[in-house]
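Here's the structure we're looking at; comments come further down.
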Amino acid sequence: MRRVVVTGLGAITPLGVGIRRTWTRLLASECGIVSLADVQPKSRWHEIPSTVAGTVPLGSKDEGRWQPLDWIGKGDERRMAKFSQYAIAATEMALADAGWRPQKQEDLEMTGVCLGSGIGNFEEVYNTSVAYEQGGYKKVSPLFVPKLLINLAAGHISMKYGLQGPNHAVTTACTTGAHAIGDASRFIAFGDANVMVAGGSESCIHPLALAGFARSRSLVTAYNDDPLSASRPFDRERAGFVIAEGAGVVVLEELEHAKARGADIYAEIRGYGCSGDAHHVTAPREDGAGAKLAMKKALQNAGLRPSEVDYINAHATSTPLGDAAENAAITSLMLGQEGFSKASDVAVSSTKGAVGHLLGAAGAIEAIFSILAVKENMLPPTLNLHNQDDSFKCNYIPLTAQEKTVNVALSNSFGFGGTNASLAFSKYE
Ligand SMILES: *[C@@H]1O[C@H](CO)[C@@H](O)[C@H](O)[C@H]1NC(C)=O
Ligand SMILES: *[C@@H]1O[C@H](CO)[C@@H](O)[C@H](O)[C@H]1NC(C)=O
């Protein structure tokens, strides 16, 4: 089987624009979650029980902030949904980081894109529905459908860079980013491509989206006055997830291809495991069986034993049930394995305390954090973890980052519908 390595990273998160800015702030225990209470239209936000979110900070690129015209022209700004704009910008960063600018036809044909979104362009659907209801057919823009389709981010990337390899878009709710990276690695392993741009993008912070998630009782409602404390994975006072936006993109490359051009290698993608809970639309199985199966399959696929895992980036979204189920899955997979006589030997953190839940982009951004943990031997912290549940006995990297040699890291992602995926990364030397 052809081996696949990571040679480029790009990200836009509530901690800033650019992976360096995000990672530095993450390791410094900074938090990107803010209040939406003063955002217009205030009347709409005020009836929604959750008014905190991880929004991408606005401003210039030089300050690590977002303004679309730093990345795309005015015409494209009008033509592209925001999740596509984020995806284009994160791709530009990742390709620049990888130093990959294919020009030859054979290279263009062997470079592809696999990038999805969980929800896509919510605001466009909302605005067009309202306009159509009031003004009818003539109020529907010719850009409506192209701005709506989830695969258009991948489409725009291929058009901008001339990439003619596989062009694919995953949409599996909050597992999207992980599936996109996992599927892209298989395209390379099976010889469909030598290089893949892969990841997820999301931007749906709109009153209607929050209303929907609040109705399904997934969002935190208890911390509207204290946004920095709202996302608290594994903490006793955790009370639901915080919605967030952004994009994560990696450049994956066949090992010999990367070596031949002297590319810097961050890590190797070693395993990819997927499973379905076959249980419930939104609730996990209490014992975490689906999550455990995904991790087990990723390790089997990688040819690694649980005892070789040095760090797990948990999906843990700060919901009472989800975090407990994942904790059960991790504990049952790892405990009793050689080197893990006690749960505190297992290092797990959830970076959602700092950035919130980026939905379709979460798996991609968290894969990037796992890759950086492998590359730099730093474990990013779980913010706001002051009191863990009595039954939670692992080392959750509470509050501050920790140094540890990380040869192997797992990144977990779970989504509504009961879809679970786990990615395994290891050092490449
Ligand atoms: C939707 O409508 C609101 C209110 O008119 C406007 O501020 C916003 O920019 C529109 N969004 C899109 C994507 O067109
Ligand atoms: C697997 O996916 C489901 C989707 O509903 C998710 O809620 C759950 O957390 C995952 N499984 C477990 C046991 O963690």
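Each residue takes its place number in the sequence, starting with 1.
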- Message: Between Arg20 and Glu376, is the salt bridge (Lys or Arg N to Asp or Glu O under 4.0 Å) condition met? List the steps.
- Response: CA-CA 12 Å; Arg20 273 297 136 196; Glu376 299 186 0; 2.8 Å; yes
- Task: Keeping the roles fixed (side chain from Glu245, backbone from Val56), state whether a donor-acceptor pair exists under 3.5 Å.
- Result: yes
- So which heavy atom on Ile33 is nearest to which on Pro227, and how close? CG2-O, 3.4 Å
- Query: Run the side chain to side chain contact (heavy atoms under 4.5 Å, CB included) check on Gln67 and Ser60 step by step: do they pass?
  - Reply: CA-CA 6 Å; Gln67 60 193 10; Ser60 81; 3.8 Å; yes
- Query: Going by atom types alone, do Asn384 and Glu237 pair a side-chain donor with an acceptor below 3.5 Å?
  - Reply: no
- Message: Between Val34 and Val52, is there a side-chain heavy-atom distance shorter than 4.5 Å?
- Response: no
- For Arg238 and Asp235, indicate whether the former's side chain and the latter's backbone hold a donor-acceptor pair under 3.5 Å. yes
- Item | Lys82/Glu123 under salt bridge (Lys or Arg N to Asp or Glu O under 4.0 Å): CA gap, chis, key distance, verdict | CA-CA 10 Å; Lys82 204 181 211 188; Glu123 188 163 308; over 6 Å; no
- Query: Hey, what do you get for OG1 (Thr7) to CG (Asp97), rounding to the nearest 0.5 Å?
  - Reply: 8.0 Å
- Query: Would you find a donor on one side and an acceptor on the other, under 3.5 Å apart, between the side chain of Arg232 and the backbone of Gly240?
  - Reply: no
- Message: Which residues pass the salt bridge (charged side-chain N to carboxylate O under 4.0 Å, His left out) test with Glu256, not counting sequence neighbours?
- Response: Lys259
- Task: Find the distance between CG (Asn395) and CD1 (Ile312) and round it off to the nearest 0.5 Å.
- Result: 11.5 Å
- Task: Assess the pair His257 and Trp100: is the distance between their ring centroids shorter than 6.0 Å?
- Result: yes
- Message: Counting C-beta onward and ignoring hydrogens, is there a side-chain heavy-atom pair between Lys427 and Asn377 closer than 4.5 Å?
- Response: yes
- Message: Could you walk me through whether Asn194 and Arg2 satisfy the side chain to side chain contact (heavy atoms under 4.5 Å, CB included) test, starting with their C-alpha distance in whole Å, then the side-chain angles of each, then the deciding distance to 0.1 Å, before giving a yes or no?
- Response: CA-CA 10 Å; Asn194 289 329; Arg2 287 156 40 107; 2.8 Å; yes
- Task: Look up atom CG in Asn151 and atom SG in Cys114, then write down how far apart they are to the nearest 0.5 Å.
- Result: 11.5 Å
- Pairs involving residues 153-176, ordered by first then second residue, that meet ring-ring contact (aromatic ring centres under 6.0 Å, His included) (sequence neighbours left out): His168-Phe187
- Task: Before giving the answer on side chain to side chain contact (heavy atoms under 4.5 Å, CB included), spell out for Cys174 and Phe414 the whole-Å C-alpha distance, their side-chain angles and the decisive distance to 0.1 Å.
- Result: CA-CA 6 Å; Cys174 305; Phe414 311 132; over 6 Å; no
- Task: Enter the distance from Thr221:OG1 to Leu210:CG here, rounded to the nearest 0.5 Å.
- Result: 12.0 Å
- With distance as the sole criterion, is a donor-acceptor pair present between the side chains of Gln85 and Trp66 under 3.5 Å? no
- Is there a donor-acceptor contact under 3.5 Å from the side chain of Arg25 to the main chain of Leu15? yes
- Item | Derivation of the side-chain hydrogen bond (donor to acceptor under 3.5 Å, both in side chains) call for Ser349 and Tyr311 | CA-CA 8 Å; Ser349 69; Tyr311 168 62; 2.6 Å; yes
- Message: For the residue pair Ser413 / His315, report whether a side-chain donor-acceptor contact shorter than 3.5 Å exists.
- Response: no
- Query: Would the Tyr428 and Tyr266 ring centres measure less than 6.0 Å apart?
  - Reply: no
- Task: Anything under 30° is parallel, anything over 60° is perpendicular, the rest tilted; go ahead and classify Phe234 against Phe392.
- Result: perpendicular
- Message: Does any part of the side chain of Leu299, heavy atoms only, come nearer than 4.5 Å to the side chain of Leu333, both counted from C-beta?
- Response: yes
- Nearest non-hydrogen partners of Leu115 and Ser201, listed with the distance: CD2-CB, 4.3 Å
- Item | CA sep, side-chain torsions, deciding dist, call: Arg101, Glu92, salt bridge (Lys or Arg N to Asp or Glu O under 4.0 Å) | CA-CA 10 Å; Arg101 298 282 179 191; Glu92 174 59 30; 2.8 Å; yes
- Message: Looking only at the aromatic ring of each residue, does the gap between the centers of Tyr86 and Trp71 stay below 6.0 angstrom?
- Response: no
- Message: I need the Leu36 CG to Ser50 OG distance, nearest 0.5 Å.
- Response: 8.0 Å
- Show your reasoning for whether salt bridge (Lys or Arg N to Asp or Glu O under 4.0 Å) applies to Asp76 and Lys160. CA-CA 11 Å; Asp76 278 341; Lys160 176 165 180 193; over 6 Å; no
- Item | Interatomic distance, Ile365 atom CD1 to Glu202 atom CD [nearest 0.5 angstrom] | 13.0 Å
